[in-house]
Every structure is written in structure tokens, then in C-alpha cells.
Amino acid sequence: MFPPPALRPVRHGATTGWPLALRMVLALWLVLLACGARAEPAPLVLAESQPVTLLWPALTLLSDPDRRHTAEELLSGGPAFGPMPATQGTLGVRPDAVWLRAPLAVAPGSDRRWILDIDYAPINRIDVALAAGGRIVQQAVLGNTQPFSQRPLLSRSHTMVLNLEPGVRYELLLRVQVQGAMILPITLNTPTALMGRALNEQMLQGVLTGLALCLLVYSLAQWVSLRDALFIQYALLISGSLLFSLQFFGVGAQYLWTDNLWMERHASGLAALMATCGSFLFIGQALAAGDPRHRLMRTMRWGAAGTALLAVAFALDAFDVKVLTAIVSILGLVPALMGIPGAVGRMRQGDPVGGTLLLAWLVYFIATATVIGVIRGWVPVNFWTLHSFQFGATLDMLLFMRVLGLHSKALRTAAENARTERDAMQTLAHTDPLTGLPNRRGLGLALTEALAHCDPDHLLAVYVMDLDGFKPVNDQHGHDVGDDLLVAVARRLQGHVRKSDMVARLGGDEFVVVTDQLTSPQQAHEMGQKLLEAFHAPFALQTHTIQVGLTIGYALAPTDSNDAVGLLKLADAAMYTGKQGGKFRVLRNPGDLALASR
């Protein structure tokens with residue numbers, strides 16, 4: 001048996017404390033190692049059962065403001081990565097570059113090819129490194145500042161193929177640099193899933209871009225046709241909105257300005273300034289109704305001029321994107337804010353232009369607020385929030401097109417009113433106000449036109465007629481009864497001629513009938529007799545029954561004369577001769593009767 005500890009001999013120079021302390025240190029070291037092993041994050045396992053996998057939950061973050069860290073350094077140790085912020089899919093606006101890290105693994109039996117997709121085209125640079133066993137096995141540089149032709153995959157978004165072996169733990173490192181918002185919708189996709197998503201997005205961009213192009217072409221065509229400034233201002237607004245969408249979703253770099261890095265760096269800024277300039281002009285023109293002296297219109301034009309100068313300065317690199325972003329974030333709201341009072345006033349007046357503009361600005365503010373929410377992390381990044389501004393801009397374009405339609409309708413209504421007023425004035429100038437018959441001026445125009453179509457086989461007759469016994473009616477019954485009688489005479493004459501014939505009043509109780517397409521002088525005389533016989537019956541007025549007669553003189557064209565004034569003089573002379581010869585008769589003047597001047 002071993003003696004109890006108290007009875008054990010103690011050798012000289014030895015202590016009982018050191019072996020125990022060593023054992024405790026060793027145990028603590030083992031515990032720390034075990035805790036460190038347990039703290040190692042589990043890899044994100046990729047399986048074909050989930051063909052589209054969000055990478056955000058598996059990411060950790062390291063700020064690199066001086067851009068001095070390398071992937072090799074971080075793989076071999078280096079500073080520790082921290083957790084991602086609570087925002088979902090966005091890191092907001094930040095000046096520093098950041099490293100993102102995610103452990104990956106592939107499920108057994110799954111496809112070895114997975115495609116990294118960062119679906120936010122305005123990212124400037126993304127350094128990608130895929131490591132296994134502490135060694136980099138794949139790397140690439142993505143971003144819109146890289147020539148499009150040098151991208152690993154020639155796609156609209158930033159993509160590359162990752163070759164992953166089952167059973168191997170990988171580390172994915174991404175260094176992201178961007179001058180604007182650091183929005184990071186990062187996914188890992190199977191090739192089939194990415195193809196489907198890409199086709200859907202291309203289809204959406206094609207539809208929205210096609211709609212914008214149609215509206216642009218229409219507005220330009222209308223401007224060329226009508227020379228209405230509102231249409232060219234609308235075209236400028238649409239061009240800015242369209243250019244911004246093309247750059248924001250990578251379609252421009254893919255199809256229009258491939259490998260043009262200057263355009264890629266400047267497209268979004270120039271587009272925003274172009275749209276703002278168009279907004280100043282369009283809103284001012286729409287609310288001021290084209291009045292160049294309107295205070296709002298003058299102010300809006302100054303705003304457009306200042307915006308154009310900013311666009312020139314930005315194109316010449318007088319300031320960078322960060323400064324431009326700050327400017328546009330304030331300046332872009334100014335046209336709408338300045339136009340709200342005028343739009344409210346128009347809406348209160350019942351003008352639909354005011355309500356349409358207010359609805360368009362409400363849509364714009366909601367879309368802008370959504371984008372700000374995405375940038376700040378208040379709103380999660382998804383399909384709807386990423387496309388919110390594009391959807392809002394498209395709806396705004398359609399609402400502004402309604403403003404154009406209302407503007408065109410107002411112009412058309414004004415033109416119709418002017419034409420109606422002109423026709424009314426012309427009618428007043430050529431019409432007898434009492435009977436509604438053509439007056440002397442209207443008769444002269446119609447007779448001149450009719451003479452151009454007569455010939456010896458198609459005669460034209462001009463009948464000048466005067467009432468017999470009209471003066472006593474005025475003397476006995478008053479001028480009101482006399483006026484009623486003249487109206488009744490006009491209606492009776494119209495009822496005894498053809499629809500193609502014309503009845504006119506020269507003044508007083510003197511009337512003229514013009515009839516054409518006559519085949520013989522006998523037919524003309526029969527027509528005069530028919531008119532004369534129509535006055536055998538008395539006129540039943542409201543309060544009186546009155547009998548008046550008629551004396552008719554007429555001339556034929558081209559037989560007697562081929563001149564409007566000459567025909568009227570001949571017919572008038574014949575009528576005067578008839579009056580002198582006993583009244584209530586029809587008499588032709590072939591030119592041998594004296595021309596009477598009364």
C-alpha cells in the first residue's frame with residue numbers, strides 16, 4: 001500500500017505545486033483548442049435540391065479602408081472577420097473596401113459547377129478568391145470598371161463559375177469596392193437555375209426597355225410633326241430614365257457600350273442629370289401651359305440650365321460620383337416640390353393634369369423611399385425592391401404620357417373652339433341674321449363658284465324677287481309682324497326649290513334664288529312660275545293672316561351673262577320692269593331690258 005500523503009517522505013528540492021499547475025495549464029490549453037474548433041463556422045452546403053442559395057447568411061465581414069489586405073494574408077491568419085450587420089443584402093453607402101468571407105462545401109452527388117452571381121451591376125470592383133486547404137484554387141476580378149469582354153462570363157450581372165469538389169471545405173473571399181451604395185444580392189446557382197433567372201430578367205428588361213423606346217419614338221415623332229416643346233421635353237425625361245435603367249441593370253454594358261469604361265462610369269450620373277433636366281422643363285411647360293412669361297416656367301428653365309451645366313462638368317470629371325450622388329439626391333426632388341402648388345391648384349380647378357402629376361410624384365416618392373430603404377438596410381434586398389425604382393419610373397412615364405394626352409386634347413379643343421368661333425364669325429359675315437339665309441356677301445361667293453360649272457347645256461338661273469304689298473304690313477301691324485312675315489317668306493321659298501338651289505336675302509323684302517343644272521330657258525321660266533304660284537296662299541303668322549304677292553325678274557348664265565354682278569343687275573332690272581308693268585309676274589332679262597338703278 002501507498003502511505004497516506006501526510007506520511008510520504010518529501011525529497012529535498014522538490015515541491016508538490018508545479019506538476020499540478022502544469023497539468024492545469026495543459027488542460028486549459030486543450031479546452032481553448034476545443035472551443036476554437038467548435039467556433040469554426042460550419043460551411044454552407046450547396047445541394048441541387050436548393051438550386052439558388054443566398055450567400056448573405058454565411059458571410060462574415062472585414063473592413064479594409066486602406067486596401068492593404070490580400071487574400072493570401074487572410075487565409076494564413078490576418079485580422080479576424082466580424083459578423084455581418086443586421087441589414088439584409090446591403091452594407092449601405094461606405095467609402096471603404098470590405099472583405100467578405102464564406103465557408104462552402106458541396107453535398108455528395110451534387111453538380112460540381114456552381115455559379116457565383118452578384119446581381120447589382122453598378123459595383124465597381126470585386127476581387128474573388130476561392131481557396132481550399134489554405135491555397136487559392138480560383139480567382140477572378142469582376143465589376144463594371146473591368147472591360148466587359150474580360151469578364152469570366154459575358155453576362156449582365158457579375159458572375160463566375162466555381163468548380164467545387166464534394167467533400168472539400170472551401171473558403172470564398174470577396175473584396176468589394178464601390179463608390180455608391182454597396183448593395184450585394186449574392187447567390188450561388190446551378191447553371192440551369194442561373195440560366196432561368198437570367199432569361200427572366202432579360203425578358204423583363206426587354207419589355208420595359210421596349211416600352212420606353214416606343215414612348216420615346218412617339219414623343220419625338222409628335223415633336224417633329226407638331227413642334228410642341230412639351231413632347232421634346234418628355235423625350236429628354238424618358239431618355240434619362242431609360243439610360244439610367246440600362247446602366248443600373250447592366251444591359252448597357254452588355255449590348256450598347258461594351259468595353260467603354262468612360263460610359264460605364266458616367267452613364268448613371270449623366271442619366272440622372274438628364275432626367276432631372278427633363279423634369280424641370282416638362283413640369284414647368286405642363287403647369288404653365290406654355291406661357292413663357294409664367295414665373296414657374298422661367299424658374300424651371302433656370303433649373304434646367306443649371307442641371308445641364310452640372311452634366312457638362314461631370315462629363316469632364318470636374319467632380320466624382322460621390323459628389324454627384326449628393327447633388328442628385330437633393331436636386332432630383334426639386335422639380336416635383338416646386339410643381340406641387342401649381343398641380344394642386346390645377347386639380348382644384350378640375351383640371352386632370354394636376355391630379356395626374358400629383359399621382360406621378362407620389363409614385364416617384366414611394367420608389368425613391370424604397371431605394372433609400374434598401375441602401376440604409378431598412379428594406380430587405382429582393383426582386384421587388386431592386387426593381388422598385390425602375391417600376392416606378394415606368395409608371396411615371398405612362399402618367400406623364402397621360403399629361404401629354406391631356407395637353408394634346410386641350411390643344412385640340414382650343415383649335416376646335418377657334419375654328420367654331422371663326423366659322424361662326426364667317427357665318428355672321430355671310431348670313432342674314434333675321435332669316436338665316438345667305439346675305440349679299442354669301443350670295444356673291446356661292447354664285448361665283450356656281451358659275452364656274454355652268455355651260456350652254458347646263459344653265460344657271462338667278463331670280464331676283466320683291467314682295468308686293470310688304471310696306472303696308474309694316475305700317476299696319478308693326479315691324480315685328482313684318483319680320484315674322486319675312487321669316488315665313490324665306491321658309492316658303494326654301495320649300496319650293498331643290499336642295500341644291502340657294503335662297504338668299506339681299507335686304508328689306510328683296511330675295512334671290514339661284515338654281516343650276518337647267519336644260520332649257522323654258523325650264524327656268526317654269527321654275528319662276530312655280531315660285532310665283534307659291535304666293536297665292538296667304539301667310540298664317542302667330543296673330544295675323546297676311547297675303548302678299550311677288551314680282552320676279554331673272555337672267556340666265558351663260559346665255560345672258562357669265563358674271564355674278566352682271567346677272568344680278570339683269571335680274572334686278574327685269575324685276576323692276578315687272579313692278580312697273582303690273583307686279584305679280586315673272587320676267588326674264590336677256591339683256592334687252594334697261595338696267596334699272598334703284
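Side chains are part of it too, since the values below use all heavy atoms of this structure and drop only hydrogens, waters and symmetry mates.
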Side-chain contact test, heavy atoms from C-beta onward, threshold under 4.5 Å: evaluate it for I546 versus H477 and give yes or no.
-> yes
Heavy-atom pair with the smallest gap, counting every atom of F383 and E201 = CE1-OE1, 4.0 Å
Apply side chain to side chain contact (heavy atoms under 4.5 Å, CB included) to I283 and M300, showing your working.
-> CA-CA 8 Å; I283 294 170; M300 289 294 198; 3.8 Å; yes
Would a 4.5 Å heavy-atom cut-off, applied to side chains only, mark Q494 and L437 as touching?
-> yes
Measure from the ring center of F244 to the ring center of F389 and say whether it is less than 6.0 Å.
-> yes
Ring centres of W223 and Y234 under 6.0 Å apart?
-> no
Validation row: H294, L287 side chains within 4.5 angstrom (heavy atoms) = no
Just by distance, do the side chain of R156 and the backbone of A198 share a donor-acceptor pair under 3.5 Å?
-> no
Do M263 and L243 pass the side chain to side chain contact (heavy atoms under 4.5 Å, CB included) test, and can you show the C-alpha distance, the side-chain angles, and the key distance before you say yes or no?
-> CA-CA 11 Å; M263 189 65 184; L243 180 62; 4.0 Å; yes
How far apart are the closest heavy atoms of D501 and D516, and which atoms are they?
-> OD1-N, 3.9 Å
Does Y463 reach the main-chain N or O of A524 with its side chain, forming a donor-acceptor pair under 3.5 Å?
-> yes
Keeping the roles fixed (side chain from T209, backbone from G206), state whether a donor-acceptor pair exists under 3.5 Å.
-> no
Is the shortest heavy-atom distance from the side chain of L467 to the side chain of L550 under 4.5 Å?
-> yes
Just do the side chain to side chain contact (heavy atoms under 4.5 Å, CB included) check on L220 and L216 with the steps written out, would you?
-> CA-CA 6 Å; L220 290 175; L216 177 60; 4.2 Å; yes
Taking everything shown except R498 itself, do over 12 heavy atoms lie less than 6.0 Å from its CZ?
-> yes
Just by distance, do the side chain of Q547 and the backbone of F535 share a donor-acceptor pair under 3.5 Å?
-> yes
Count the heavy atoms of every other residue, nucleotide or ligand shown that sit under 6.0 Å from CZ of R376, and state whether that count exceeds 12.
-> no
Mutual orientation of the aromatic rings belonging to H525 and Y554 [parallel < 30°, tilted 30-60°, perpendicular > 60°] = tilted
Report yes if some heavy atom in the side chain of L236 is under 4.5 Å from a heavy atom in the side chain of M274; otherwise report no.
-> yes
Looking at CG of L199 and CG of L204, how far apart are the two atoms once the value is rounded to the nearest 0.5 Å?
-> 12.5 Å
Sub-4.5 Å side-chain heavy-atom contact between V489 and L493 | yes
Side-chain donor-acceptor contact under 3.5 Å, Q254 with Q202 | yes
Point-to-point distance, once rounded to the nearest 0.5 Å, from CE of M575 to CE of M465 = 9.5 Å
Is the closest side-chain donor-acceptor distance between N382 and T385 under 3.5 Å?
-> yes
If you count the non-hydrogen atoms of other residues, nucleotides and ligands that lie under 6.0 Å from CZ in R197, is the total more than 12?
-> yes
If you look at every heavy atom in T559 and R588, which pair is closest and at what distance?
-> CG2-NH2, 3.6 Å
Interatomic distance, D432 atom CG to R440 atom CZ [nearest 0.5 angstrom] = 11.5 Å
Nearest-0.5 Å distance, SG of residue C454 to CG of residue L518 | 10.5 Å
Neighbour count >12 (heavy atoms, 6.0 Å) for atom CZ, R295 = no
For R402 and T356, does a side-chain donor sit closer than 3.5 Å to a side-chain acceptor?
-> yes
Where is the tightest heavy-atom contact between L386 and D119, given as atom of each residue plus distance?
-> CD1-O, 4.1 Å
Does any non-hydrogen side-chain atom of Q390 lie less than 4.5 Å from one of Q205?
-> yes
State the CG-CG distance between L395 and L362, to the nearest 0.5 angstrom.
-> 10.0 Å
Is there side-chain contact between S245 and V251, with heavy atoms separated by less than 4.5 Å?
-> no
Might you work through the ring pair (Phe, Tyr, Trp, His ring centres under 6.0 Å) test for F584 and H536, ending with a clear yes or no?
-> CA-CA 10 Å; F584 206 74; H536 284 297; 5.2 Å; yes
Nearest heavy-atom neighbours spanning D560 and P590 = OD1-CA, 3.3 Å
Please name the residue in the list V464, L506, L486 that meets the side-chain contact (heavy atoms from CB on, under 4.5 Å) test with F511.
-> L486
Keeping the roles fixed (side chain from S329, backbone from A326), state whether a donor-acceptor pair exists under 3.5 Å.
-> yes
Is it the case that more than 12 heavy atoms not belonging to E416 sit under 6.0 Å from its CD atom?
-> yes
Determine, using ring centers only, whether H407 and F400 are less than 6.0 Å apart.
-> no
Test item: side-chain donor near acceptor, D468 and T551, under 3.5 Å = yes
Given L451 and L567, is the side chain to side chain contact (heavy atoms under 4.5 Å, CB included) satisfied, shown in steps?
-> CA-CA 10 Å; L451 285 171; L567 283 170; 3.6 Å; yes
Rounded to the nearest 0.5 Å, the OG1 atom of T515 sits from the CE atom of M527 at a distance of 5.0 Å
Donor-acceptor contact present, side-chain Q523 to main-chain T519, <3.5 Å = yes
Locate the shortest heavy-atom distance separating A336 from F365; write the atom from each residue and the value.
-> CB-CZ, 4.1 Å
Could you tell me which residues satisfy ring-ring contact (aromatic ring centres under 6.0 Å, His included) with Y218, sequence neighbours excluded, listed by chain and number?
-> none
Flag, side chain of D351 to backbone of R346, donor-acceptor distance under 3.5 Å = no
Does any N or O in the side chain of S225 come within less than 3.5 Å of the main-chain N or O of A221, such that one atom is a donor and the other an acceptor?
-> no
Check: A429 main-chain N/O paired with N439 side-chain donor or acceptor under 3.5 Å | yes
